**Student:** 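Structure in structure tokens, see below.
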Amino acid sequence: MPESPALYPKLENYDSGFLPVSDIHTLYYEQSGNPQGKPVIYLHGGPGGGVSAHDRRYFDPEVYRIILLDQRGAGKSTPTACLEDNTTWALVSDIEKLREHLKIEKWVVFGGSWGSTLSLVYAQEHPDRVKALILRGIFMLRQSELKWFYEHGGASNIFPDAWDEYVKPIPENERHNFIAAYHKRLTGDNEEERIKCAKAWSTWECSTSKLYVDPVEVAKASEDIWALAFARIECHYFFNKGFFKTDAHILENVDKIRHIPATIVQGRYDVVCPATSAWDLHKVWPEAKFEFMADAGHSAKELATTARLVQAADEYKSL
């Protein structure tokens, strides 16, 4: 797949470190760009996906102090794929601990997919610490969204070939609830089964994340360590309904953030996080800039989506 010309050039980080946030978890973070610049934090998807050098490139390195964070159990954070003490509310607390550790007063928050979920919840809990929000591929972890993608709710009808591979590890008598069936195996004692299920879960998502299937993206799911962290942590969160008290937690708390400048970028043909979620958010938050990408699916790396995300970050450089 071609790389978007809108991205800023590749750059190295000037600082990295590990921040202990509990008796169990230590988080990897890094900084790049301008050390005296305007802070922006990139919140990765999954949960469990981790960050990469590519994620630095949405931001003007002369203006922004670019902060990347591997969430609990993901990427270089330790222990890898750990589910203990790993909840949405723990991650919100972690972001605040990192902000305080880096002595940042306020920052722009950028997140896509699960990163949009976490960005929204963090902003709702700490609205006075957020200068602006840049959100892509809206996911609010509602049951309707999970059923659409992980059960028989809709995505299986668009990618039936990939779906057949996703269902293979699960016996016929457990296929009425794939999240529960995968959770049992991804948290079980059989290592071979854990890896097999982790790859199947991850391949399903990687196969459906772009309008045009990207073989490089799909191949990523064959990496044992990445796939296990990604699948275990994702399934853990989905099995536990995001640790929210209500299914519509984010929508119910939008009034807390309506004053914050925000841009929402949504692929029209996003199969992983269908456009209806972004539209539901738009209807209760009309102040936020909202744009459908007419020729994009779920991934931030699709050309139109990348360009619009870079444009949004550029628009908030003056804050």
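From a predicted model like this one, the values you see are computed outputs, not experimental measurements.
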**Student:** For the residue pair W201 and Y166, categorise the inter-ring angle as parallel (less than 30°), tilted (30 to 60°) or perpendicular (more than 60°).
**Tutor:** tilted

**Student:** State whether R57 and E3 are salt-bridged, where the test is any N-O pair (Lys NZ or Arg NE/NH1/NH2 against Asp/Glu carboxylate O) under 4.0 Å.
**Tutor:** yes

**Student:** According to ring-ring contact (aromatic ring centres under 6.0 Å, His included), who are the partners of F238, at least two apart in sequence or on a separate chain?
**Tutor:** F139, Y150

**Student:** Does K38 form a side-chain contact (heavy atoms from CB on, under 4.5 Å) with V108? I'd like the steps, not just the answer.
**Tutor:** CA-CA 8 Å; K38 298 181 178 183; V108 174; over 6 Å; no

**Student:** Please confirm whether the ring centroid of W285 lies under 6.0 Å from the ring centroid of F290.
**Tutor:** no

**Student:** Considering all heavy atoms of both residues, which atom of D270 and which atom of G137 are nearest to each other, and what is their separation?
**Tutor:** OD2-CA, 3.8 Å

**Student:** Can you say whether the rings of F159 and W204 are parallel (under 30°), tilted (30 to 60°) or perpendicular (over 60°)?
**Tutor:** perpendicular

**Student:** Verify the cluster assignment for V284 and V130: are they in a single hydrophobic cluster under the rule of side-chain heavy atoms below 4.5 Å apart?
**Tutor:** yes

**Student:** How far apart are the closest heavy atoms of E30 and N13, and which atoms are they?
**Tutor:** OE1-ND2, 3.5 Å

**Student:** For the residue pair F110 and Y42, does the interplanar ring angle fall in the parallel (under 30°), tilted (30 to 60°) or perpendicular (over 60°) class?
**Tutor:** parallel

**Student:** How many angstroms lie between CG in L303 and CE in M293, if you round to the nearest 0.5 Å?
**Tutor:** 12.0 Å

**Student:** Shortest non-hydrogen contact from T88 to G242?
**Tutor:** OG1-O, 2.8 Å

**Student:** Would you please indicate yes or no on a ring centroid separation below 6.0 angstrom for W163 and H152?
**Tutor:** yes

**Student:** Just do the side-chain contact (heavy atoms from CB on, under 4.5 Å) check on L69 and V51 with the steps written out, would you?
**Tutor:** CA-CA 7 Å; L69 170 69; V51 297; 5.8 Å; no

**Student:** Starting at OH of Y14, measure out to CD of Q31 and round the result to the nearest 0.5 Å.
**Tutor:** 4.0 Å

**Student:** Does this structure show an ion pair linking R185 with E174, if we count only N-O contacts that are shorter than 4.0 Å?
**Tutor:** yes

**Student:** Does K106, at its NZ atom, have more than 12 non-hydrogen atoms belonging to other residues, nucleotides or ligands within less than 6.0 Å?
**Tutor:** yes

**Student:** Might you confirm whether atom NZ of K131 has over 12 heavy atoms from other residues, nucleotides or ligands at distances under 6.0 Å?
**Tutor:** yes

**Student:** Looking at E287 and R258, is there a salt bridge between them, counting it only when a charged N and a carboxylate O are closer than 4.0 Å?
**Tutor:** yes

**Student:** Checking side-chain hydrogen bond (donor to acceptor under 3.5 Å, both in side chains) for the pair T246/E252: CA distance, chi angles, key distance, verdict?
**Tutor:** CA-CA 9 Å; T246 67; E252 291 165 356; 2.7 Å; yes

**Student:** With a 3.5 Å distance limit and no angle check, can you tell me whether T203 reaches the backbone of A200 through a side-chain donor-acceptor pair?
**Tutor:** no

**Student:** Under 30°, 30 to 60°, or over 60°: which ring-plane class applies to W226 and F230, parallel, tilted or perpendicular?
**Tutor:** parallel

**Student:** Please round to the nearest 0.5 Å and tell me the distance separating atom CD1 of I179 and atom CG of L186.
**Tutor:** 11.5 Å

**Student:** How many angstroms lie between CG in L43 and CG in L91, if you round to the nearest 0.5 Å?
**Tutor:** 9.5 Å

**Student:** Checking side-chain hydrogen bond (donor to acceptor under 3.5 Å, both in side chains) for the pair Y237/T87: CA distance, chi angles, key distance, verdict?
**Tutor:** CA-CA 7 Å; Y237 272 73; T87 71; 5.4 Å; no

**Student:** How many angstroms lie between OG in S222 and CD1 in I195, if you round to the nearest 0.5 Å?
**Tutor:** 11.5 Å

**Student:** In Å, rounded to the nearest 0.5 Å, how long is the span from CD of E291 to CZ of R136?
**Tutor:** 15.0 Å

**Student:** Do the side chain of S22 and the main chain of I24 share a donor and acceptor less than 3.5 angstrom apart?
**Tutor:** yes

**Student:** Decide yes or no on side-chain contact (heavy atoms from CB on, under 4.5 Å) for Y8 and Y58, but give the supporting numbers first.
**Tutor:** CA-CA 6 Å; Y8 282 94; Y58 297 99; over 6 Å; no

**Student:** Could you tell me whether a side-chain N or O of E217 sits under 3.5 Å from a main-chain N or O of S207, the two making a donor and an acceptor?
**Tutor:** no

**Student:** Are I250 and L118 connected, step by step, through hydrophobic side chains (Ile, Leu, Val, Met, Phe, Trp, Tyr) whose heavy atoms are closer than 4.5 Å?
**Tutor:** yes

**Student:** Measure up the H183 and H236 rings against each other and bin them: parallel (under 30°), tilted (30 to 60°), perpendicular (over 60°).
**Tutor:** parallel

**Student:** Would S32 and E12 count as having a side-chain donor-acceptor pair, cut-off 3.5 Å?
**Tutor:** no

**Student:** Quick check: does any side chain N or O of R175 sit under 3.5 Å from a backbone N or O of V167, one acting as donor and the other as acceptor?
**Tutor:** yes

**Student:** Taking all heavy atoms of R232 and all of T187, pick out the closest pair and write down the distance.
**Tutor:** NH1-CA, 3.8 Å

**Student:** Does I225 CD1 have over 12 foreign heavy atoms under 6.0 Å away?
**Tutor:** no

**Student:** Take a 6.0 Å sphere around CG of D23 and say whether it holds more than 12 heavy atoms from other residues, nucleotides or ligands.
**Tutor:** no

**Student:** Decide, yes or no, whether a salt bridge links K196 with E193 under the criterion of side-chain N to carboxylate O below 4.0 Å.
**Tutor:** no

**Student:** Do H249 and W89 have their ring centres less than 6.0 Å from each other?
**Tutor:** yes

**Student:** Does K220, at its NZ atom, have more than 12 non-hydrogen atoms belonging to other residues, nucleotides or ligands within less than 6.0 Å?
**Tutor:** yes

**Student:** In terms of hydrophobic clustering (I, L, V, M, F, W, Y; side-chain heavy atoms under 4.5 Å; direct or indirect links), are I67 and L135 co-clustered?
**Tutor:** yes

**Student:** Mind listing the closest non-hydrogen atom pair of S119 and V109 along with its distance?
**Tutor:** OG-CG1, 3.4 Å

**Student:** Could K317 and D60 be called an ion pair, given the rule that one side-chain N must be under 4.0 Å from one carboxylate O?
**Tutor:** yes

**Student:** Hey, are W114 and E234 close enough side-chain-wise for a donor-acceptor pair under 3.5 Å?
**Tutor:** no

**Student:** Could you tell me whether D224 and K199 make a salt bridge, using a distance below 4.0 angstrom between a side-chain N and a carboxylate O?
**Tutor:** yes

**Student:** Does I134 share a hydrophobic cluster with F292, counting links as ILVMFWY side-chain heavy atoms below 4.5 Å and allowing steps through other members?
**Tutor:** no

**Student:** Could you check whether R72 pairs with D85 (Lys NZ or Arg NE/NH1/NH2 to Asp/Glu carboxylate O, under 4.0 Å)?
**Tutor:** yes

**Student:** Is the shortest distance from a Lys or Arg side-chain nitrogen in D280 or R142 to a carboxylate oxygen in the other one below 4.0 Å?
**Tutor:** yes

**Student:** Using atom types as modelled and distance alone, determine if a side-chain donor or acceptor of E302 lies under 3.5 Å from a backbone N or O of S299.
**Tutor:** yes

**Student:** Keeping S4 on the side-chain end and A6 on the backbone end, is there a donor-acceptor pair under 3.5 Å?
**Tutor:** yes

**Student:** Between Y269 and H298, is the ring centroid distance below 6.0 Å?
**Tutor:** no

**Student:** Is a side-chain donor or acceptor of R268 paired with a backbone partner of A275 at a separation under 3.5 angstrom?
**Tutor:** no

**Student:** What verdict does the side-chain contact (heavy atoms from CB on, under 4.5 Å) test give for Q71 and L27, after you've listed the backbone C-alpha separation in whole Å, the side-chain angles of each residue and the deciding distance to 0.1 Å?
**Tutor:** CA-CA 7 Å; Q71 297 157 29; L27 306 187; 6.0 Å; no

**Student:** How close do L228 and A198 get, counting heavy atoms only, and between which atoms?
**Tutor:** CA-CB, 3.7 Å

**Student:** Hey, are E96 and R99 close enough for a salt bridge, meaning a charged N less than 4.0 Å from a carboxylate O?
**Tutor:** yes

